[in-house]
Chemist: 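Pasting a structure here, questions to come.
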2 protein chains.
Amino acid sequence: MNVTVKDVARVAGVSTATVSRALRGFQTVDPVIRAAVQQAAERLNYVGSPAAAALSTGRAGSIGVITPFVNRMAFQRMLSGIETAMRGTDMDLLLYCTGDPSDPHPVPPRKRLARRVEGFIVLSLAMHSPDVEEISKLNMPVASFGEHGPWGASVQLDDRAGAVVATEHLIGLGHTRIALIHGRDAHDPGVLEYQRHLGFNEAMARAGLPVDPTLVLPGDFTIAGGAYAMAQLLDGDRPPTAVFAFSDEMAYGAIRTMRERGLAPGSDVAVIGFDGHETSSLLDLTTITVPFEEIGATTARKLLEEIEGRSGETADVTVLPTQLTVRSSTLGGGATGNLVSSLRSG
Amino acid sequence: MNVTVKDVARVAGVSTATVSRALRGFQTVDPVIRAAVQQAAERLNYVGSPAAAALSTGRAGSIGVITPFVNRMAFQRMLSGIETAMRGTDMDLLLYCTGDPSDPHPVPPRKRLARRVEGFIVLSLAMHSPDVEEISKLNMPVASFGEHGPWGASVQLDDRAGAVVATEHLIGLGHTRIALIHGRDAHDPGVLEYQRHLGFNEAMARAGLPVDPTLVLPGDFTIAGGAYAMAQLLDGDRPPTAVFAFSDEMAYGAIRTMRERGLAPGSDVAVIGFDGHETSSLLDLTTITVPFEEIGATTARKLLEEIEGRSGETADVTVLPTQLTVRSSTLGGGATGNLVSSLRSG
DNA sequence: AGTAATCAAGTAACCGATTACTTGACAATC
DNA sequence: GATTGTCAAGTAATCGGTTACTTGATTACT
């Protein structure tokens, strides 16, 4: 069977307690004995059982990441940030994908992760999701990105300001018929994109421009969804002169549809995205750049602080700013022109 | 403290053994008692301790994914496939990122994951990586993508054939000065890209074309790396007429550099990638499409089979095919308007 | 010298679920 | 009526570390 502390203790000629103390680096162990224990462990190829340690100490030694999607660029960038922040920590990372927010889960996250981890990073969950209630019921450390939930810390994006900046950018260029490609439930508070919707409406209202409801369409946050929405917009009676997509991916789709119809982003219809993925620079897409890596890293750090019981060192809510990155998809002119200017929004 | 089986047993008026049997769905429990136990568990909001269960049964209830990088599109797509395959399973997913293959890890993967998981999915690790030896030493179920390692099952891509097809596509268009942007160690067997390198050389040799070593540059599998490599190529004495990049991301970078210099992919220099990411369709990039989602899902299924002891049901090595997707980055014309006209010849 | 303080190391009681083994009740068979 | 078989349910050992508590030895101090 597996090598256990007992085996190491026997080989090193000490008790199991001493083995544990020696390997965990306690100061109350004679250096000579410590070396002997380490040698014995090495020789036996000993690896402690995390399950036993977890059971004994009550600490799982891992954190869970809960997200509704794994196949979106934003998630990848946040995960990358989380991974960076977790480096050097001895915490492991568990991934739990809730899938479509409306889907019921075969195993609810509570039963699934509850006592397997010491805390959760919750990414982009809609606040009215049943999962949110489930998670908060657990009464465990949580750090989330998105709306501020009924738990500890959260990292938020200044979504509203970003949407205002994006909309004002289009208005400033003289556009009045501005279409909106949102995710799913633009009118549902508690959903991430709601704040963006508010920002859009606010900017339009301030400029005295009407929001044409026929120009507001869902795009499901995917390329295909964005492409379909754009097709609908172009097929409408009075197509828009500018489109604001709530994600870069949807903007990509919109651009694809335009190209298929021989239209050029920028000169024919202005397109602005929201995310600032690296690939957007290649498509010359004007976008609201979001620091997803930083979001991930900050969320992870907050959770670790909470777990270590030193929460409160940083604010419970951190709001990160977005940044407007202007490219030719809203300026028109040279398709290869890569004019880039940046403005802070936050 | 936490609610345990004891609490449930007390409330339900039975022993802990019966609680365990009832909740695990054993058939030898009176339906009436089972219902009582379930009710009690529900009322107490009972969630079993995975650590205790793992310790008792010896089964961790989770698998680990080991990969050197999390911030590449290929990884994201494989992870998505893995996640899909794991749905409905009661296995959890642990993520372990080794980081740069040459980096030493703060905590070696063996100590880190050894007894925390029931098996590993190993993605794209170079075979000479010290991690590979570490992992195989554990003598645990492993399913990997990449070279066939010293362990159970593996999923492989027909890299060589893909590279041959890509190269022959360029040769067929009349190109003779074909540059190669590879990852890091093109000459290092045991690295994923080695097979692609063989395929490239093979196709060139078959066509009687020389491989100019000054046209073979590393691009680190990143956009920035590809952009830099392309700049070097264009700055050379005799720039290539076609470029084969070992990843779409590097091809994106190459295209970016070309655009910055007013060159059009396809008409000025042909560019072909390798990956087939969704975004490549937007850039009109010809590429070798790789079924990464399927790779992830297949690898996960193989591992689950191995864990359940029914390995052998499928072949130990599954080789998945690639597919050539032709777009205007090798044909010229396309989105920017020019039709395919004359092909360069050397 | 005698007593107290200090400290390394051992003993054993946990942590919480699982399950081999045992018990006891009731039914079936001789 | 006595004996055996069946089966639900209880008892308690077990998984492998961790750590409060105990022990025994050495050092410090009156």
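Letters A, B, ... mirror the listed sequences (proteins, then strands); counts begin at 1.
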Chemist: How would you label the contact of A/Val19 with the nucleic acid (heavy atoms, under 4.0 Å): base, sugar-phosphate, or nothing?
Modeler: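 Since no nucleic acid heavy atom lies under 4.0 Å of A/Val19, the category is nothing.
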Chemist: B/Ser80 side chain to B/Gln76 main-chain N or O, any donor-acceptor pair under 3.5 Å?
Modeler: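 Judged by distance alone, no pair lies under 3.5 Å.
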Chemist: Start with the C-alpha gap between A/Glu83 and A/Arg87, add the side-chain angles, then the distance that decides, and say whether salt bridge (charged side-chain N to carboxylate O under 4.0 Å, His left out) holds.
Modeler: CA-CA 6 Å; A/Glu83 205 279 323; A/Arg87 282 278 163 120; 3.1 Å; yes
Chemist: Measure from the side-chain heavy atoms of B/Ser56 and tell me the nearest of D/dA20, C/dT18, C/dC15.
Modeler: C/dT18
Chemist: What is the distance, to the nearest angstrom, from the OH atom on A/Tyr46 to the C1' atom on D/dT18?
Modeler: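 Value for this atom pair: 10 Å.
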Chemist: What nucleotide, of D/dG17, C/dG10, C/dA17, holds the atom closest to the side chain of B/Thr4?
Modeler: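 Of D/dG17, C/dG10, C/dA17, C/dA17 is nearest to the side chain of B/Thr4.
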Chemist: Using atom types as modelled and distance alone, determine if a side-chain donor or acceptor of B/Glu118 lies under 3.5 Å from a backbone N or O of B/Ile63.
Modeler: no
Chemist: Using a heavy-atom cut-off of 4.0 Å across all strands, would you classify B/Val37 as base, sugar-phosphate, or nothing?
Modeler: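 Nothing, no heavy atom under 4.0 Å.
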Chemist: Taking the six-membered ring of A/Phe69, is NZ or CZ of A/Arg72 closer than 6.0 Å to its centre and within 45° of its axis?
Modeler: yes
Chemist: Once you round it to whole Å, what is the distance between C1' of D/dT19 and CG of A/Leu55?
Modeler: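 The answer, rounded to whole Å, is 14 Å.
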Chemist: Determine: side-chain N/O of B/Arg115 to OP1/OP2 of D/dG17, distance under 4.0 Å, yes or no.
Modeler: yes
Chemist: With sugar-phosphate meaning primed atoms plus P, OP1 and OP2, does A/Thr18 contact a base, only sugar-phosphate, or nothing at under 4.0 Å between heavy atoms?
Modeler: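 The residue A/Thr18 makes sugar-phosphate contact but no base contact.
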Chemist: Are B/Arg301 and B/Glu305 close enough for a salt bridge, meaning some N to O gap below 4.0 Å?
Modeler: no
Chemist: Starting from P on C/dA9, measure out to CD on A/Gln27 and report it in whole angstrom.
Modeler: 13 Å
Chemist: Tell me whether B/Gln156 contacts the main-chain N or O of B/Val319 through its side chain, where contact means a donor paired with an acceptor under 3.5 Å.
Modeler: no
Chemist: Across the strands shown, which category fits A/Thr28 at heavy-atom distances under 4.0 angstrom: base, sugar-phosphate, nothing?
Modeler: sugar-phosphate
Chemist: Step by step, work out the side-chain contact (heavy atoms from CB on, under 4.5 Å) result for A/Val14 and A/Ile33.
Modeler: CA-CA 8 Å; A/Val14 296; A/Ile33 291 192; 3.9 Å; yes
Chemist: Roughly what angle, to 10°, lies between the helix axis at the start of the helix from C/dA1-D/dT30 to C/dC30-D/dG1 and the one at its end, five pairs per end?
Modeler: 50°
Chemist: Under the 3.5 angstrom rule, does the side chain of A/Glu193 hit a backbone N or O of A/Gly183 as a donor-acceptor pair?
Modeler: yes
Chemist: Counting side-chain heavy atoms from C-beta on, which of D/dT11, D/dA9, C/dG10 comes nearest to A/Ala17?
Modeler: C/dG10
Chemist: Among C/dA12, D/dG16, D/dA8, which nucleotide sits nearest the side chain of B/Asp30?
Modeler: D/dA8
Chemist: Heavy-atom contacts under 4.0 Å between residues 5-15 of chain B and DNA chain C, which residues?
Modeler: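 Under 4.0 Å from DNA chain C: B/Val5.
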Chemist: Whole Å only: how far is the CZ atom of B/Phe26 from the P atom of C/dA17?
Modeler: 15 Å
Chemist: What is the distance, to the nearest angstrom, from the CG atom on A/Leu23 to the C1' atom on D/dT18?
Modeler: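 About 12 Å, once rounded to whole Å.
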Chemist: Main chain of B/Met91, side chain of B/Thr89: is a donor-acceptor contact present, judged purely on distance under 3.5 Å?
Modeler: no
Chemist: Without decimals, in angstroms, what is the distance between A/Arg34 CZ and C/dA9 C1'?
Modeler: 13 Å
Chemist: Give a yes or no answer on whether the side chain of B/Ser20 reaches the backbone of B/Thr16 with a donor-acceptor pair at less than 3.5 Å.
Modeler: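 Between the backbone of B/Thr16 and the side chain of B/Ser20 there is no qualifying donor-acceptor contact (under 3.5 Å).
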Chemist: Just compare C/dG16, D/dT18, C/dA17 and give me whichever is closest to any side-chain atom of A/Ser20.
Modeler: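 Within the option list, the nearest is D/dT18.
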Chemist: Name the nucleic acid region contacted by A/Arg24, choosing base, sugar-phosphate or nothing; use a 4.0 angstrom heavy-atom cut-off, strictly under.
Modeler: sugar-phosphate
Chemist: Does A/Arg21 make a side-chain donor-acceptor contact with the base of C/dG10, cut-off 3.5 Å?
Modeler: yes
Chemist: So what does B/Ala53 touch, heavy atoms closer than 4.0 Å: a base, only the sugar-phosphate, or nothing?
Modeler: sugar-phosphate
Chemist: Expressed in angstrom and rounded to an integer, what is the separation of A/Asn2 atom CG from D/dG16 atom P?
Modeler: 7 Å
